[in-house]
Amino acid sequence: MNDTAEITLVEAVNRALAHELAADPSVVVLGEDVGVCGGVFRATAGLLERFGPERVIDTPLSEVLIAGMSVGLAAQGMRPVAEIQFMGFIYPALDQLLNHASRLRNRTRGRLSCPMVVRAPMGAGIHAPEHHSESTETLFAHIPGLRVVIPSSPARAYGLLLAAIRDPDPVVFLEPTRIYRLVKEAVPDTGEALPLDVCFVLRSGSDVTLVSWGAALRETLAAADALAAEGVSAEVIDVATLAPLDMTTILESVAKTGRCVIVHEAARHVGVGAEIAARLADEGLLTLFAPVKRVTGYDTVVPLAKLEQHYMPSTERILRAARATLEAA
Amino acid sequence: MNDTAEITLVEAVNRALAHELAADPSVVVLGEDVGVCGGVFRATAGLLERFGPERVIDTPLSEVLIAGMSVGLAAQGMRPVAEIQFMGFIYPALDQLLNHASRLRNRTRGRLSCPMVVRAPMGAGIHAPEHHSESTETLFAHIPGLRVVIPSSPARAYGLLLAAIRDPDPVVFLEPTRIYRLVKEAVPDTGEALPLDVCFVLRSGSDVTLVSWGAALRETLAAADALAAEGVSAEVIDVATLAPLDMTTILESVAKTGRCVIVHEAARHVGVGAEIAARLADEGLLTLFAPVKRVTGYDTVVPLAKLEQHYMPSTERILRAARATLEAA
Amino acid sequence: MKAKPMDTLTARRTGQDRTVASERVAQFEIRYTQFLDEEGRPRCELPPFAHDPELLVSLYEHMVLNRLFDRKAVALQRTGQLGTYPSSLGQEATAVAIGAAMAREDVLLGTYRETAAMLIRGVEMREILLYWGGDERGMAYAGPRAPKEDFPISVPIATHAPHAVGVAYAFKLRKEPRVAVCVVGDGATSKGDFYEAMNGAAVWRLPVVFVIVNNGWAISMPRHAQSAAATLAQKAIAAGIEGEQVDGNDTIAVYDAMRRALDKARAGGGPHVIEALTYRLSDHTTADDARRYRSAEDVERHAALDPVKRLRAHLVQQGMWSAAKEEALHAECGARVEQAVREYLATPAREPASMFDHLFAELPEALRWQREELSAVERETNDE
Amino acid sequence: MKAKPMDTLTARRTGQDRTVASERVAQFEIRYTQFLDEEGRPRCELPPFAHDPELLVSLYEHMVLNRLFDRKAVALQRTGQLGTYPSSLGQEATAVAIGAAMAREDVLLGTYRETAAMLIRGVEMREILLYWGGDERGMAYAGPRAPKEDFPISVPIATHAPHAVGVAYAFKLRKEPRVAVCVVGDGATSKGDFYEAMNGAAVWRLPVVFVIVNNGWAISMPRHAQSAAATLAQKAIAAGIEGEQVDGNDTIAVYDAMRRALDKARAGGGPHVIEALTYRLSDHTTADDARRYRSAEDVERHAALDPVKRLRAHLVQQGMWSAAKEEALHAECGARVEQAVREYLATPAREPASMFDHLFAELPEALRWQREELSAVERETNDE
Ligand SMILES: Cc1ncc(C[n+]2csc(CCOP(=O)(O)OP(=O)(O)O)c2C)c(N)n1
Ligand SMILES: Cc1ncc(C[n+]2csc(CCOP(=O)(O)OP(=O)(O)O)c2C)c(N)n1
Ligand SMILES: [Mg+2]
Ligand SMILES: [Mg+2]
């Protein structure tokens, strides 16, 4: 792959995987159709050919096995990077993530650890079949001992995935399918990781803080553009790591703007947006000029393709919310 | 059982189960050790003898099967009440709850439905072994299409469980083990259900609203007592149904008190308390005199018996938080 | 007392002669059944039902209908009129025999590739298109012949297997002579759900027929990489169930096995596992390109075993079929498919707010504002 | 073309004569092995290792040690000095043989009832008490002989089975001649995790030995209600693995099977399943009352098959053991147990804030305030 050519997010994932497989012999990639097929989204394309079937492992159709054997591999000092084919099929693996991966270090007082990554495509918007449009990051973000990371651009996918693989603890790494191929940028294969556990300020502004992650940042940034055209200066924050959460960046921003709109595709009720708003209602309360708004997926099952656009946060909905915070002042 | 004698929460569960088994032939009870043994907490004691092994079903050690066959039974018009032995073992069933139970009605446009209940003991504080002290209600409350109910007294256990069984949709019913046998009250076997989807105001007050559910209500009520001794009038709300959430009651209370402390045993990050605080930060913002405080389990693995008391919200911690809200004014 | 026997012992040899100390406590076998050879010639005396021209012709007709429907669906997807679609090309014998052997009052729990079985059971082509077109109404089964109690297509692999246990438990409890038929793929047999379901069905001796449609592939995973088990039918042994293999491209063999299994289950004989050996001639779905992971030769070799061709050859040999009938059938099926496509395309769009309609029996008070907000946003957007 | 063949067909009979059309494609058997009869007498030529007095005596000593430890642990629980504890009374032969047959560099992944195996492998009694006393430090395996890579006790049933696959995969990848030994109960065999793990281990031909400790009960569920399979060893067939049964109260039989399986796995022969037939003489745990669900007669009948008694009888017959040795052993074991209990009870309490110590390699910035708050609350509470 040409290092300076612009690549997509899924290509950036592929590049990060290849980089770590080459750099660290303890890294293995495993999952359904990740080998010969190269992954249903091509995220692992070419890896089998380069690193062989022992390190790029096609597994049986067994999510419990994939997650559980990753725990075993990680406890043995390997660095498994497991792919779950779609987030809708990650739930059988949750038991392993919650009862084991997130706890192995704690329950052995550091004797064993679990440096594993579980990657899964997430989100709606690609007209996929049923159960292929999930945004259930809450389920993982609530589990102590897990990191949950969602990239929103090719460069962040590359840098954050490197960081996730190198992290000594388990990371759930969720890749929004809607932006897998939507934008391209140059992502030199420098092997430089981006920091986990911190938000990225994508755009600075002074009137309102827009907080989002993953694919919804597209509409969030579009809303910021539209607000700019109206003379409103919006700061846009990419949370990136949903657990543990860098509230410092968000609190600082809201201390400046006094207004906050949180945008996520996941269902609203007990979404990660709730945690951010709750922190604002506590530590940030005195800085708030206006109610904290959340623009989210609705609290219903993500509809199939025909209606999915109506489910996801649109630029219009974000604008409505942002304007509401501005009017409240 | 004597109808007027005072009974414990677990006995109230038993009474509700027996009532519905007797009243409705489509009700069946299933789970590990629920039959011959009568349940490891005795919640199903005597049911096998009364209703026979076909309706009080000892299952193999298979949580996926328990949840999945409940979906099948429910789709056939039965009313399965499944017991998962401890909340720490419910995670294999999550896939069935999320991908099927909560969606069956929606994905068939009402052709099939899923009137099932999954009961599970929850929470810490009984010096139980590892994985026996979970409070992960967030994982279920975030799933659209599921109801999540947690009783906090024998009478509410009886009335809410009746309602859950009669509800035409799936309900996750979590029973705090710490209060299974801690208090007794008379729970006449009237067959009268309590309403789902509403909070219960356990104590009215005017200075601060304390919101909680399950076992943590004990410390919350104790804190209200201590505050009363200091001349502070605390309103105490038992959320009871965590999804869907009756914010009306909470917003009304906070409109009156201007202060809110949310107490739950679950980990803090993206706990259900976050949702309540987030709603206050939006719809309730203008009524708030003070930051919204959350007193919760910490964002670490629930410790084993020796340290579990230090993990759970104590009356002291609740008082600290309440006083902080009072000082802020 | 020694601290660690293991250190001292590792080097020692263990005993080899077990003949005296050990005895056989259980024995099993798996059988494979085929009635028609690749040219459609009977390999032996056929079962009685196979002498009924009406039945055989009907099975054949449904196979052809499914093939035409399937082809059309793929064409619709290619032209942007349908979402991702999983073709069942090459698997028609199995799917048709499953659907045809079942009684109306039985319940089918299948995957996304049992289109033929669904059609026979009364699901409408229009509905199947709606579903793959991204509209939940496709699973409402609202047609006049609809199998109202059949489960909707199950996409999360093997998760419907435990449902079959619950359905069958209800049948048994109510003493209804009905059977739950659970169809899974070869890939699905690797999932714990399938195993837990088989085990449960056997424990309560429930009327469940598990059909493993072994089409050789789970997306890119060939059957041999999915499990080291010599057959998938032997998965049944783990649950104490009888398992068998049949030629899944031999409509008569599948139908025969289904009828035996259904009869046994209906009579209280408990569950049964059938592994039908067939081949997925198409890509996994329209989103897949199977050339990435399998050779053209492999596909060609299996294309030669085409079940439609085989049953047609048999019917022709038996004098039950002719070129004229074939032509008429294609015309009829083609017309029905076209009609269904027209109905599908003409189906009025749903209100976006209908996404809240069937979340609960009644939308809880707490969620109504969300439906209203959605409608308000729609109105505003439409006004602009 | 008929609309619904199923309606017309339901009444018809299917063919019965399958002899011509079907052929056997796979065949399996399960064997059961026992060397010592109930009186400790050899039923046949014993394997070579059984002629080594040092080994046999060492196995016996560990069985006795475990029994005394177990009894003490139950007593501690009864007197409020320990939390819920799962006794392994009656299962000593299996647990000791598992632990003793393993090489030091192998990895054990077990449940809560493998105390004897853990002790042999170098976990300290003090640590096991700490764990059941509610202190995570019990799983730190900090002793001088500690099996540092062994997995901690797995409470969520069967969830450690897939870990064994990962551990063994690492061994194979690194070309290390090591084996992962995964011990589960009879109840655990009903879980999909166990099945997925067996299947995976077989697909990659990994060095995993699965031992099913069939002690007759999963809490109140008797073995026969757990699965309709005639043996649990036959679960292996579903994964294409060899499975066998042994008398789990015959230390020699379990040790023999373990050594054969370990040798095979170490030599690259892939996984193996051993079902050890034993009996849980105790309650499930100290929180259970087994009289609720099983009869005293059943327990008595199995108590007569006591593995400790059996091996002692054998040793005495072979002139390897005496009453004097027995007395000395009890004294030694009793003293060791008492010493461990003293150490356990003298272990200083942990700082509450240490609950954050090993959540991550380093506590993230975002969580530090929680640890500080916890410490502050502690200080305040202590000050009061
Ligand atoms: C639990 C789960 N994991 C992964 C997937 C993604 N996926 C869809 S189809 C498929 C292969 C299924 O193979 P098989 O069971 O043989 O059925 P076939 O597609 O061949 O009919 C996979 C892995 C899924 N749908 N569900
Ligand atoms: C997944 C899971 N479900 C339920 C439990 C509760 N539970 C603890 S032990 C046990 C029975 C286990 O039986 P078996 O596997 O035979 O092991 P044994 O206790 O007999 O050694 C059950 C149901 C659990 N620990 N994990
Ligand atoms: Mg397949
Ligand atoms: Mg057992």
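Within every chain, numbering begins at 1; the chains are lettered A, B, ... in the order of the sequence lines, protein sequences first and strands thereafter.
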Side chain, backbone, both or neither: which part of L304(A) has a heavy atom under 4.5 Å from chain B?
neither

Measure the shortest side-chain to side-chain distance between T136(A) and I143(B) over non-hydrogen atoms and say whether it is less than 4.5 angstrom.
no

Part of L280(A) within contact of chain B (heavy atom distance under 4.5 Å):
neither

Which atoms form the tightest heavy-atom contact between S135(A) and H142(B), and what is the distance?
O-NE2, 4.2 Å

For L285(A) and P291(B), work out which heavy atoms get closest and say how close.
CD2-N, 3.4 Å

Which atoms of E63(B) come close to chain A, meaning under 4.5 Å heavy atom to heavy atom: side chain ones, backbone ones, both, or neither?
neither

Any idea which heavy atoms bring E275(A) and A274(B) closest together, and the distance?
OE1-CB, 3.5 Å

Count the heavy-atom pairs under 4.5 Å between each of K293(B), E134(B), R103(B), R268(B) and chain A, then report the option with the highest count.
R103(B)

Most heavy-atom pairs under 4.5 angstrom with chain B, which of A267(A), A277(A), P303(A), G273(A)?
A267(A)

Give the C-alpha distance, both sets of side-chain angles, the deciding distance and a yes or no for side chain to side chain contact (heavy atoms under 4.5 Å, CB included) between H269(B) and R279(A).
CA-CA 10 Å; H269(B) 192 64; R279(A) 294 287 296 270; 5.6 Å; no

May I ask you to name which of I276(A), L288(A), I262(A), D299(A) has the most heavy-atom pairs under 4.5 Å with chain B?
D299(A)

Atom of S102(B), atom of V301(A) and distance for their closest heavy-atom approach
O-CG2, 4.3 Å

Would you call V270(B) and L245(A) a side-chain contact if the rule is heavy atoms closer than 4.5 Å?
no

With chain B as the partner, which of L97(A), N106(A), V302(A) has the greatest number of non-hydrogen pairs under 4.5 Å?
N106(A)

For the pair D282(A) and R294(B), find out whether any cationic side-chain nitrogen is under 4.0 Å from an anionic carboxylate oxygen.
no

Examine whether an atom of E130(B) lies under 4.5 Å from a heavy atom of chain A, and if so say whether it belongs to the side chain, the backbone or both; otherwise answer neither.
side chain

Look only at the side chain of N99(B) and the backbone of G88(A), and say whether a donor-acceptor pair between them is shorter than 3.5 Å.
yes

Using non-hydrogen atoms only, which part of Q96(A) is less than 4.5 Å away from chain B: side chain, backbone, both, or neither?
neither

Side chains of L139(A) and L98(B), heavy atoms from C-beta outward: is any pair under 4.5 Å?
yes

